[in-house]
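Okay, structure first, notes after.
Quick note on labels: first sequence line is chain A, next is B, and so on, each numbered from 1.
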There are 2 protein chains.
Amino acid sequence: MAGEKKPAFAGHVTADDVAVAAGVSRWTVNRAFRKDASISTKSLEKVMVAAERLGYVPDLRAASLASDRSNLVALLIDDFANPHKLVMMEHLTRILRREGWDILLVNTLNRDDAGHALLNASQRRVDAVILIGIQFDDEVLETALHARRFRKLIIFARTSRNPNTISIAVDDVHAMKEIANYVHERGYRRPMFLAGPRTYSAHLLRKETFVEYWRGHFGVEPETVAVAAYDPALAADIVTDTLAGRNAEALPDIIVCENDALAIGAMDVIRHKLRLRVSEDIAITGFDDVPQADSPNYRLTTYRQPISDMVEYLVEVLGSSEDRDFDRLFQGKLIARESA
Amino acid sequence: MAGEKKPAFAGHVTADDVAVAAGVSRWTVNRAFRKDASISTKSLEKVMVAAERLGYVPDLRAASLASDRSNLVALLIDDFANPHKLVMMEHLTRILRREGWDILLVNTLNRDDAGHALLNASQRRVDAVILIGIQFDDEVLETALHARRFRKLIIFARTSRNPNTISIAVDDVHAMKEIANYVHERGYRRPMFLAGPRTYSAHLLRKETFVEYWRGHFGVEPETVAVAAYDPALAADIVTDTLAGRNAEALPDIIVCENDALAIGAMDVIRHKLRLRVSEDIAITGFDDVPQADSPNYRLTTYRQPISDMVEYLVEVLGSSEDRDFDRLFQGKLIARESA
DNA sequence: TTTCATCTTGCTCGCGAGAGCAAAAATGGA
DNA sequence: TCCATTTTTGCTCTCGCGAGCAAGATGAAA
């Protein structure tokens, strides 16, 4: 009380210090920082004034340890060449933070590393794991799930058949049918599908859907090419290797890409390597509607995922303690621009 | 011992359980998971076998609480439109993880939010904070530093004059002089400088250096234009507003950009809005050497920062307990491509 | 004023580890 | 083989907070 001046070394100010300063018990101090706790406005104010003066903030490690809820989620990601990841991260970090969740960011270096990444997260006792990476196989997920290291394992922006994971994604099947119809209506007849890497657990149904739908409805089997990563530069190499030297009739009239990262790489090749015109000679579609897709340089026809809605749903899932099936598909939107 | 089967619910397997299973004490179990601890190979193995079987992993929250070292660093970021952020994050997440550091990712929504973001981090008792965002003002940093909420506050890829922060950055002054000389040597005489937002604490000395150097050495004051964010789309708007309608003599012959994000936006405008040729009509330089800069579409002359080296130095700083001046400038490299 | 319900406050115990020390075991040299 | 040294192991105490309960304060109804 009497001008007892500690050198405000906030790193080690504890609730006890505040309690003494405010003339209440330690538990009242902690209660003041919990939104659910019952506390009188009088002591709340006393505590807050003292805390402010001493520079006290509660230690979430201890809170987490005692309550068995960490309010921490791990975000596992690996596909850093794909610009859409930046978009997803922006939404995830902003909205999760608004809802009081902190994020542990883990770079899953490669498929073999996924298990370690999961283990890493589990050591911090995260409440949930969000996968926005692509390199995971079922075995790893099964192991983690079986060990019940997390309450929830959420696969974001990708569908999963694993009944124990929660998948929040766009409706790829519907989307690709819409794209296929659009492409056909616009008069394209020789599509080539440019696909990304095949993963085990978390699938994109885009290639399968497009190919089957096109074959079923328009009678021909589209050519498909796969790229080992969602990397524009890599996509460019593959497309160059595939198309360079072909004469006009052997070229596709449109390249339907699994996402914008691939589409951007492919478009660069059409223009600068094949020296053809985009849309007139070879059209192109993407998926994701990354910011670049709207640039005057690309004007890419693509398909927008409702990322904000998906993340809002994600926080709803995180907050829920029910044990139901949380899987959900969202409807996206075709964005027609000049590339197709 | 005798086939006592718990339903391997790893979420609640504690060191005590493993101790019983392995026939040692709890402390021996914990020691087995610490690299510095003294333990016999025999008990190490016993513990590891038991831990593996039960699915035990140490609880880093508790370890952190007891040892006052969290092995956690906060990464504060805000500039999600800039593709270079993805590059930095990839390096940071990969190398920090390799060295045993976990990352708490915090999206600093805006300048007013920086204080909250810092507070957020401090509640998790992170060992250090790394800023790769741009919106911080001195007041906020001073408050955080004064409260000593973190052992280290590192400003990455940006220089700071604040003596209490650690700045790990590229030598902007040297870099811009090199760029200015290159530009002049290549015969450009009417440069325009396209700058990003001005921040308080963490400066980029690029604009100042370029403008002063050019004026001092070549006698004329270059025109400068500022963009409110490192966002290609925003840069495109500003450049369009600035240059559209000018006749040829009033146009710059080169646009020197503070970074690639701006350069990419500007280049799109030159081609698709002004309908001019890049390099022949208006040349352009960037900074960062983002992946896109190398694409056949841009072929941007730019300046590469040695991000890997910088992050390696960062982990060295994190690991050090000395109390010296850790500020360091790295030398980058001019990457000449076709855009200038 | 009394009585009972409600709100607030303080307390015991526990969360899962680490520091640091003391006891026990292993090791080595004469 | 014996004693001194070194290594390994176990233990007490602590880190900062929360759950849940009991005691105390407050207030409304009788």
Would you confirm whether D102(A), through its side chain, and L72(A), through its main-chain N or O, come within 3.5 Å as a donor-acceptor pair?
-> no
Closest to side chain of L65(B), choosing from dG10(C), dC17(D), dC15(D) = dC15(D)
Has E45(B) got more than 12 heavy atoms of other residues, nucleotides or ligands less than 6.0 Å from its CD?
-> no
Okay, side chain of S320(A), backbone of V317(A): is any donor-acceptor separation there less than 3.5 Å?
-> no
With sequence neighbours left out, write down each residue that passes side-chain contact (heavy atoms from CB on, under 4.5 Å) with A114(B), or none if nothing qualifies.
-> T108(B), F136(B), V140(B)
Within less than 4.0 Å of OP1 or OP2 of dC17(D), is there a side-chain N or O belonging to T14(A)?
-> yes
Residues at least two apart in sequence or cross-chain that pass side chain to side chain donor-acceptor pair (under 3.5 Å) with D79(B), listed by chain then number, are N82(B), K85(B)
CZ of R61(A) versus P of dC15(D): gap in Å, rounded?
-> 12 Å
Closest-nucleotide 5' rank along DNA chain D - winner of R26(A) and A66(B) = A66(B)
Over how many whole Å does the gap from D68(B) atom CG to dC13(D) atom P extend?
-> 22 Å
For D16(A) and dG10(C), what is the distance between atoms CG and P respectively, to the nearest whole Å?
-> 12 Å
Interatomic distance where CG belongs to L60(B) and C1' belongs to dA17(C) [whole Å] | 10 Å
Under 4.0 Å: is that the gap between some side-chain N or O of S67(A) and OP1 or OP2 of dG18(D)?
-> no
Close approaches to DNA chain C from residues 27-50 of chain B, in residue order (heavy atom, under 4.0 Å) | W27(B), N30(B), R34(B)
Check the pair R61(A) / D59(A) against salt bridge (Lys or Arg N to Asp or Glu O under 4.0 Å), numbers first and verdict last.
-> CA-CA 5 Å; R61(A) 299 171 303 179; D59(A) 186 329; 2.7 Å; yes
How long is the line joining CZ of R125(A) and P of dG16(C), in whole Å?
-> 8 Å
Give the rounded distance in Å between these two atoms: CZ of R69(A) and P of dC17(D).
-> 18 Å
